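Every chain is numbered from 1 and lettered A, B, ... according to where its sequence line falls, protein lines coming before strand lines. Any value given below was found using the heavy atoms of this structure, including those in side chains, with hydrogens, waters and symmetry copies removed. Just so we're clear, the structure is a prediction, and the values are computed from it rather than from any experiment.
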2 protein chains.
Amino acid sequence: MDMQSTLSAANKPENPTKLAIMAAGEKALLSQGYKAMSFRDLAAEVGIKSASVHYHFPTKSDLVLAVLKRYRADFTEHLVLPKKKRQAAQKALNSFIDGFRKRVIDNGTLSLCTVLAAEKSLLEQQVLDEIEAFYEIKVDWLATVVSYMKKGWMPTDETRHYAYQILASLHGASVLVQASGAPERFEDAMAPWRTLVERF
Amino acid sequence: MDMQSTLSAANKPENPTKLAIMAAGEKALLSQGYKAMSFRDLAAEVGIKSASVHYHFPTKSDLVLAVLKRYRADFTEHLVLPKKKRQAAQKALNSFIDGFRKRVIDNGTLSLCTVLAAEKSLLEQQVLDEIEAFYEIKVDWLATVVSYMKKGWMPTDETRHYAYQILASLHGASVLVQASGAPERFEDAMAPWRTLVERF
DNA sequence: AAGCATCTACCGATTGATAGATAGCAAGGA
DNA sequence: TCCTTGCTATCTATCAATCGGTAGATGCTT
């Protein structure tokens with residue numbers, strides 16, 4: 001028992017094949033959507049057979065759920081609350097927007113949640129619940145950050161409304177970019193939020 | 001030649017079966033997406049056989065393109081520029097938002113363009129071009145309406161940026177609503193635009 | 001010996017699309 | 001009036017491809 005595993009902070013071996021399947025799955029979901037993502041294509045990309053994909057993820061739902069959970073975990077991990085100072089809050093909001101741009105806009109797709117929302121009727125409840133939970137996290141974080149920008153106190157209702165507006169701007173901007181093929185419109189659409197703190 | 005057809009303003013007989021197929025197609029696109037929409041299901045809903053659907057629309061692309069073109073035509077038809085007065089402009093913008101809410105939010109789906117954008121890689125160039133053209137119309141109209149709200153003159157760049165922001169808010173709000181299952185968040189997300197004129 | 005991971009081979013269902021038969025209808029000539 | 005021609009719209013039947021998923025054999029490692 002030489003316990004090599006304790007060396008790693010991430011105490012999660014996670015089969016590399018499984019990871020490769022999830023990576024291929026996420027890519028396929030983003031570029032083609034849920035229905036068009038096929039186990040055979042994923043297998044081909046990973047270099048295995050489709051039956052082996054089923055070994056790791058019995059059904060499509062299992063795979064999507066795993067991808068989504070990792071997506072959320074990874075997202076949440078990089079999401080830290082800033083200091084309760086107005087400028088720090090604006091900086092955190094900008095990082096949030098930058099992260100979305102790098103992950104979604106620069107990737108030439110919509111966000112994973114948007115893609116799945118477009119095929120909502122095909123998804124199992126478990127997947128829908130995961131998406132919903134994901135959005136609550138984003139809303140809570142954004143609402144808190146916005147509250148940090150206000151000099152005085154702000155009603156929690158109002159901070160949540162700002163969170164909705166920012167989230168809507170982000171996701172809608174990606175739709176606009178994809179639909180019109182004009183990536184530069186992302187920053188134009190997000191511009192007001194880049195200097196939100198000045199409004200308070 | 002008794003020319004009964006000249007009685008109608010809309011000089012477009014348009015086979016009723018064809019219309020029924022398009023209606024079923026639009027519904028299927030919105031609820032399940034492009035890939036999951038099947039000619040057999042459409043046929044069943046209309047009460048014909050799938051071969052008859054192919055008779056009217058040889059390929060899936062043909063059907064989607066027809067649906068999209070009608071969608072745009074119908075949209076454009078109801079889109080009139082307001083008088084060049086600040087309050088009239090705000091009223092027109094509110095009607096625009098209301099129309100989106102009725103057509104998209106109350107329908108419990110994303111917008112047709114958003115759904116198609118989510119499966120962009122599966123669509124033919126002709127369809128993508130149609131979507132792009134559709135967005136240019138919306139941007140132009142919104143930019144013009146915003147320009148009517150300003151007391152003085154506003155650079156066209158700036159009015160277009162407002163158009164991007166409004167469009168992004170609309171589409172993103174529908175994603176937020178669908179993903180979180182909370183329809184009331186639509187108005188919260190759109191609230192700033194409901195009183196835009198007061199900012200100028 | 002046992003478990004893990006992969007394979008081959010296959011199933012039933014569904015898909016987009018096509019070929020070809022059929023029925024109804026309208027126009028036109030005898 | 002009757003018959004023919006041709007067009008429109010629908011049908012039946014089918015194809016090749018692809019899909020998600022399963023059964024069971026195989027090999028590798030411990």
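Ion pairing between B:K35 and A:E119 fails under the 4.0 Å rule for side-chain N and carboxylate O. Between A:E132 and B:R185, none of the side-chain N atoms (NZ, or NE/NH1/NH2) sits under 4.0 Å from a carboxylate O, so this pair counts as no salt bridge. Ion pair B:D74/B:R103 flagged as a salt bridge, since at least one NZ, NE, NH1 or NH2 atom sits closer than 4.0 Å to an Asp/Glu carboxylate oxygen.
Between A:F200 and A:Y162, the distance from one ring center to the other falls under 6.0 angstrom.
The aromatic rings of A:F96 and A:W141 sit parallel, their planes meeting at an angle under 30°, below the 60° perpendicular limit. Using a 30° and 60° split on the angle between ring planes, B:H54 and B:F39 fall in the tilted class, from 30° to 60°.
Atom pair B:I48:CD1 and C:dA23:C1' shows a separation of 16 Å (rounding to whole Å applied). In this structure, A:D41 atom CG and D:dA17 atom C1' are separated by 13 Å, rounded to whole Å. In this entry the distance linking CD1 of B:I21 with C1' of D:dT10 reads 11 Å, nearest Å. We find that NZ of B:K35 is positioned 13 Å from C1' of D:dG20, with the value rounded to whole Å. What separates CE of B:M37 from P of C:dG16 is a distance of 7 Å, to the nearest Å. Atom-to-atom, NZ of B:K49 to P of D:dT10 comes out at 13 Å; the value is rounded to the nearest Å. Per the geometry, NZ belonging to B:K18 stands 11 Å off P belonging to D:dT10, to the nearest Å.
Proximity of B:T17 to the phosphate of D:dT10: a side-chain N or O atom is located under 4.0 Å from OP1 or OP2. Contact check, B:N15 against D:dA9: a side-chain N or O comes under 4.0 Å of OP1 or OP2.
Taking for each of B:S38 and A:S50 the nucleotide of DNA chain C with the nearest heavy atom, the 5'-most of the two is the partner of A:S50. With the nearest nucleotide of DNA chain C identified for both A:R40 and A:G47, A:G47 has the one nearer the 5' end.
The CH2 atom of B:W193 sits 5.0 Å away from the CZ atom of B:R199 when rounded to the nearest 0.5 Å.
Remark: B:S52, B:Y55, B:H56 in residues 52-62 of chain B come within less than 4.0 Å of DNA chain D through at least one heavy atom. Near DNA chain C, defined here as any heavy-atom distance below 4.0 Å, there are no residues from residues 117-129 of chain A.
B:S111 pairs in a side-chain hydrogen bond (donor to acceptor under 3.5 Å, both in side chains) with only one of the listed residues (B:T109, B:N107, B:T114), which is B:T114.
Listed by chain and number, the residues in a side chain to side chain donor-acceptor pair (under 3.5 Å) with A:Q126 amount to none (sequence neighbours excluded).
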